[in-house]
Amino acid sequence: MNQQLLNKLDNYLDEVIDNQEIPGSIISIGIGENNIFQKFYGYQQLIPNKIKMEMNTIFDLASLTKVVSTWSSVMILIQEKQISLDNKLGDFYSCKLDESVKNITIQNLLTHTSGLSESTFLKQYGNDKKSILLNLLMEKTKYPKETQVVYSNKGFFILGDIVEVVSGQKLEDYVTKKVWKPLGMNHTLYNPTEYDNIAATEYIKEKNLVKRGIVHDENAEFIGGVSGHAGVFSNIQDLNNFCNMIVSKDSSVLQPSIIEISFKNYTIGMNENRGLAWNLNYDTIYRNYIVEHLGFTGTGIWIDPIEGMYVILLTNRVHPTRENTNIQNIRKNVKEIVFGK
């Protein structure tokens with residue numbers, strides 16, 4: 001990526017902050033083991049008082065949890081041959097599962113082809129994590145499995161529990177031990193109560209509260225802040241380490257062959273192209289296909305596996321309200337500047 005494109009990207013992000021399209025952002029670009037561009041912009045909080053963004057500001061990753069925590073944990077279990085992609089939910093749970101749920105595989109959950117409903121609202125299933133899981137497993141699927149991609153938080157909620165069932169450890173303890181600590185991701189965690197340098201998310205009017213260090217996702221908050229679908233907080237340096245592991249084929253955590261099978265297209269002919277947890281973007285405006293995952297709070301990771309390049313964009317676009325949808329165009333434009341032909 002040449003300096004002219006980096007300048008264009010820098011000017012664009014300055015512009016969206018100046019236009020108040022989002023409160024603040026941090027971007028990082030790496031090729032192989034080398035970071036070639038990193039900068040922060042704007043504010044980590046606007047109300048009740050303005051706090052400027054810093055390079056080490058911690059963000060609520062929202063659905064990036066699915067790759068930073070759950071995908072990496074599940075793939076280690078596969079790498080260590082404790083589970084396989086073909087394992088079914090009936091292999092892990094002795095409770096009474098609905099027949100349509102019993103034969104859902106790990107691969108189905110990772111590729112969002114399980115047939116589970118796209119609706120999350122976990123509190124309809126119970127008041128605690130255990131009862132929610134049991135009642136969810138007894139519910140029929142909404143769609144026939146392996147017929148379409150339907151993005152489902154429920155599937156990753158279940159995957160997070162499977163990590164606990166198989167490892168005998170809490171999800172947060174397992175991923176910290178097996179992924180985050182080995183990669184030097186020392187500011188990546190669930191429920192970051194010991195930190196105050198955290199980007200604010202939404203203003204909750206009925207509580208007169210700006211969420212800051214409290215997970216934005218209501219379902220993750222309802223079950224204590226730890227889930228396979230949302231709840232992880234992290235900063236740009238830790239995510240650099242995570243993406244560097246992927247593009248540089250660092251085998252200290254995940255072997256290159258495990259990453260390779262994760263980026264394979266398992267949903268050819270369906271409505272979306274999906275790898276294991278990751279979305280595969282084959283848009284013709286890009287030089288190569290892009291592997292990506294996004295988060296509701298305004299976060300995103302894009303990887304070009306052919307060039308060995310990654311882009312991380314962290315924003316707090318839901319501050320002070322989730323009604324701000326400018327992030328859609330911002331993500332699109334950032335991708336086109338970086339990866340466009």
Side-chain angles (χ1 to χ4, degrees), residues 16-17 19-26 40-54 56-66 68-70 117-129 131-132 136 151-154 156-157 160 171-172 187-235 293-300 313-331:
V16 300
I17 298 299
N19 292 341
Q20 300 181 350
E21 295 178 43
I22 51 174
S25 68
I26 303 179
F40 62 91
Y41 307 80
Y43 295 88
Q44 59 175 271
Q45 180 175 291
L46 296 176
I47 60 171
N49 57 297
K50 285 188 173 182
I51 303 174
K52 288 187 175 181
M53 190 70 72
E54 298 177 3
N56 63 348
T57 297
I58 292 171
F59 285 75
D60 180 339
L61 298 187
S63 278
L64 285 191
T65 296
K66 292 179 175 71
V68 173
S69 177
T70 312
S117 165
E118 61 271 45
S119 170
T120 303
F121 304 114
L122 297 180
K123 63 176 63 178
Q124 73 187 44
Y125 297 102
N127 294 317
D128 60 82
K129 202 168 181 179
S131 62
I132 288 169
L136 177 57
Y151 186 84
S152 171
N153 284 328
K154 290 175 180 176
F156 274 75
F157 168 71
L171 174 61
E172 61 268 42
H187 298 89
T188 302
L189 70 169
Y190 289 91
N191 292 320
T193 53
E194 65 264 45
Y195 295 102
D196 56 13
N197 184 25
I198 301 173
T201 56
E202 196 159 12
Y203 171 63
I204 309 301
K205 186 175 181 180
E206 57 270 25
K207 296 182 179 179
N208 192 27
L209 167 73
V210 172
K211 281 193 168 183
R212 194 163 180 261
I214 302 168
V215 61
H216 179 259
D217 183 274
E218 297 91 341
N219 293 285
E221 183 183 10
F222 181 68
I223 57 174
V226 180
S227 180
H229 79 279
V232 172
F233 288 72
S234 188
N235 67 6
H293 210 293
L294 307 176
F296 186 81
T297 50
T299 57
L313 180 66
L314 301 177
T315 84
N316 51 342
R317 73 96 187 169
V318 293
H319 179 66
T321 172
R322 69 181 66 195
E323 300 304 315
N324 177 5
T325 59
N326 294 320
I327 192 64
Q328 296 174 16
N329 280 330
I330 293 170
R331 284 170 172 158

Task: Atom pair CG/CD1 of Leu61 and Ile58 - distance to nearest 0.5 Å - done: 10.0 Å
Task: N/O donor-acceptor pair under 3.5 Å between Thr297 side chain and Asp60 backbone - done: yes
Task: Partner residues of Phe296 under the side chain to side chain contact (heavy atoms under 4.5 Å, CB included) criterion, sequence neighbours left out - done: Ala62, His216, Arg317, Val318, Arg322
Open item on the list: Checking Glu21 now: which residues fulfil salt bridge (Lys or Arg N to Asp or Glu O under 4.0 Å) with it, not counting sequence neighbours?
Closed with: none
Task: Which residues share a side-chain hydrogen bond (donor to acceptor under 3.5 Å, both in side chains) with Thr57, sequence neighbours left out - done: Gln44, Asn197
Open item on the list: Tell me if a side-chain donor or acceptor on Thr70 pairs with a main-chain N or O of Gly160 at a distance below 3.5 Å.
Closed with: no
- [ ] Keeping the roles fixed (side chain from Glu218, backbone from Phe222), state whether a donor-acceptor pair exists under 3.5 Å.
- [x] no
TODO: Could you verify whether a donor N or O on one side chain and an acceptor N or O on the other, from Lys154 and Tyr125, lie under 3.5 Å apart?
DONE: yes
Open item on the list: Going by the rule side chain to side chain contact (heavy atoms under 4.5 Å, CB included), which residues pair with Ser63 if we only count those two or more places apart in sequence or in a different chain?
Closed with: Lys66, Tyr151, Asn153, His293
Open item on the list: Within the 3.5 Å criterion, strictly below it, is a donor on Asn324 or Thr321 matched to an acceptor on the partner's side chain?
Closed with: no
Task: By side-chain hydrogen bond (donor to acceptor under 3.5 Å, both in side chains) - contacts of Glu221 (at least two apart) - done: Lys211
Open item on the list: In this structure, is the centre-to-centre distance between the rings of His319 and Tyr203 below 6.0 Å?
Closed with: no
- [ ] Answer yes if the side chains of Ser69 and Tyr190 hold a donor-acceptor pair under 3.5 Å, and no otherwise.
- [x] yes
Task: Gly224 backbone acceptor or donor facing Asn191 side chain under 3.5 Å - done: yes
- [ ] Look only at the side chain of Asp217 and the backbone of Ala230, and say whether a donor-acceptor pair between them is shorter than 3.5 Å.
- [x] no
Open item on the list: Check whether Asn316 reaches the backbone of Gly24 with its side chain - one donor and one acceptor, N or O, closer than 3.5 Å.
Closed with: yes
TODO: Apply side-chain hydrogen bond (donor to acceptor under 3.5 Å, both in side chains) to Thr188 and list each qualifying residue two or more places apart in sequence or on a separate chain.
DONE: Ser234, Asp238
TODO: Might you confirm whether atom CD of Gln20 has over 12 heavy atoms from other residues, nucleotides or ligands at distances under 6.0 Å?
DONE: no
Task: Rounded distance [0.5 Å steps], OG1 in Thr325 versus CD1 in Ile22 - done: 12.5 Å
TODO: Would you check, one step at a time, whether the test side chain to side chain contact (heavy atoms under 4.5 Å, CB included) holds for Ile223 with Phe157?
DONE: CA-CA 11 Å; Ile223 57 174; Phe157 168 71; 3.6 Å; yes
